[in-house]
Amino acid sequence: MKQVRQFSVFVSSPSDVRDERALAVKILDAMPFKAWARGRLAIETISWDDDRANVPRPAHLTPQQAINRGLAKPSECDVVVVFLWSRLGTPISAEKSGDGKAYRSGTEWEYLDAIAAASQREPDQPAKPYVLVFRRRQDPGFKRKDPNYDDLNSQWQQVEDFFSENFRDDDGSATGDVLSYETQTEFQMELDRQLANYFWQELGRPDPGGQLQVRWSGEPYPGLSPFTGKQAQIFFGRGPETDELVRRITMPSRPLLAVVGASGSGK
């Protein structure tokens, strides 16, 4: 009999990377169904915006206090995934750091809570939680004429300060590793690779038994009907094309973008 191991994964990020957060949850939901993990792995995803969490949010608590009471803390989880772009998030004045200062955001508190716990492990023992930090390198695109420029620029500077303080020494040398990405496709592929490697190692490097891919029988195209979850095995990719489409449609000089293709080609 295979032994099922339970892992908890804390997903931490501000609101400007909500698409990446959705991708992370999707990857974690699918991870136990990889051939080498099937019947061996169970994952509990912990995220403040997960409707399944049902976190109580009474008025007398700050959002971060409510999250801390309703969910496991990052330091209590097996894996913590943090991703940032142009915002660090909302300050949480009710929480104080070791020097008495307020944390600049809930995301900062969650990262520091996780990294403090990981740093307490013995040198010959694996760190817990296992912390992954991603940074989106794409230009956020805000301009000086934007009415919210001061706030946007302040948030951007806080992100810069966060990485300088936590991943650079006084002499500029790196003190930690950050996984950079430009597009959501890059993020999805790298996060899947990083998590798969971690869980595969934790499960003792199980042999998938040659069942890496189940053959598809029958016609792969459903005609003009939409692809559904049943076709997920054969309908994948197009990430770079989607990234390019999003890039073009957000260009201020391109108010209209036509997507042209044959009927049933997946426009």
Side-chain angles (χ1 to χ4, degrees), residues 5-17 20-21 24-25 28 43-50 53 55 61-136 155 157-181 187 190-191 194-195 197-199 201-202:
R5 287 192 58 187
Q6 176 80 36
F7 293 86
S8 56
V9 180
F10 195 102
V11 178
S12 175
S13 64
S15 59
D16 62 329
V17 283
E20 283 91 328
R21 190 157 59 221
V25 172
L28 289 165
I43 297 175
E44 178 188 11
T45 302
I46 299 172
S47 176
W48 65 265
D49 64 335
D50 190 343
V55 177
L61 296 179
T62 66
Q64 191 64 43
Q65 287 175 324
I67 292 168
N68 293 346
R69 290 191 182 189
L71 300 176
K73 294 180 180 180
S75 56
E76 299 169 341
C77 296
D78 298 291
V79 181
V80 174
V81 183
V82 180
F83 29 99
L84 293 164
W85 180 24
S86 63
R87 295 182 59 83
L88 194 60
T90 305
I92 49 173
S93 58
E95 298 283 352
K96 302 292 184 179
S97 61
D99 57 8
K101 296 180 180 179
Y103 290 101
R104 286 172 291 196
S105 73
T107 303
E108 180 181 53
W109 180 89
E110 288 161 358
Y111 167 77
L112 293 175
D113 180 66
I115 211 70
S119 301
Q120 293 175 2
R121 305 290 288 185
E122 295 296 330
D124 58 339
Q125 295 294 319
K128 183 181 178 181
Y130 184 77
V131 184
L132 294 170
V133 178
F134 287 80
R135 184 178 189 182
R136 184 171 172 179
Q155 283 284 336
Q157 187 58 55
Q158 286 184 37
V159 174
E160 292 284 344
D161 292 343
F162 171 84
F163 282 103
S164 295
E165 293 169 9
N166 292 288
F167 296 91
R168 284 283 181 267
D169 213 337
D170 293 338
D171 60 0
S173 58
T175 58
D177 198 9
V178 179
L179 298 162
S180 299
Y181 67 98
F187 170 79
E190 185 62 23
L191 178 60
Q194 292 287 337
L195 290 175
N197 182 66
Y198 169 80
F199 289 120
Q201 297 277 358
E202 287 293 308

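Fair warning: this is a prediction, and the values are worked out from it, not measured in the lab.
- No side-chain heavy atom of Glu20 sits under 4.5 Å from any side-chain heavy atom of Phe134.
- Interatomic distance, CZ of Phe162 versus OG1 of Thr107, reported as 8.5 Å (0.5 Å rounding).
- Checked by atom type and distance alone, the side chain of Glu44 never pairs as donor or acceptor with a backbone atom of Val9 at under 3.5 Å.
- Expressed to the nearest 0.5 Å, how far CZ of Arg135 lies from CD of Glu160 amounts to 4.5 Å.
- For the pair Lys73 and Trp109, the minimum side-chain heavy-atom distance is below 4.5 Å.
- In this structure, Tyr181 and Glu190 have side chains that are not in contact, with every pair of non-hydrogen atoms separated by 4.5 Å or more.
- Nearest heavy-atom pair, Pro74 versus Ala114, reported as atom, atom and distance to 0.1 Å: CB-CB, 3.9 Å.
- One finds the CG atom of Leu28 at 12.0 Å from the CZ atom of Phe7 (value rounded to the nearest 0.5 Å).
- Aromatic ring pairs are classed by plane angle as parallel below 30°, tilted from 30° to 60° and perpendicular above 60°; the pair Phe167 and Tyr111 is tilted.
- When all heavy atoms of Leu88 and Ser105 are compared, the closest pair comes out as O-OG, 2.6 Å.
- Here the closest non-hydrogen pair linking Ser86 and Val159 is C-CG2, 3.8 Å.
- The closest donor-acceptor contact from the side chain of Glu108 to the backbone of Arg104 lies under 3.5 Å.
- For the pair Asp113/Val80, no side-chain contact is recorded, criterion being any heavy-atom separation below 4.5 Å from C-beta on.
- In terms of heavy-atom proximity, Ser8 sits nearest to Cys77 at OG-CA, 3.2 Å.
- The two atoms that bring Arg136 and Asp16 nearest to each other are NH1-O, 4.5 Å, heavy atoms only.
- The minimum heavy-atom distance linking Ile43 with Gln6 is given by the pair C-NE2, 3.9 Å.
- Using a distance-only test at 3.5 Å, with no hydrogens or angles considered, no donor-acceptor pair links the side chain of Thr45 to the main chain of Val25.
- Between Leu179 and Leu191 there is no side-chain heavy-atom pair separated by less than 4.5 Å.
- For the pair Arg21 (side chain) and Ser47 (backbone), a donor-acceptor distance under 3.5 Å is absent.
- Between Arg87 and Ser15 the shortest side-chain heavy-atom distance falls below 4.5 Å.
- Looking at heavy atoms from C-beta onward, Phe163 lies in side-chain contact with Leu84 at the 4.5 angstrom threshold.
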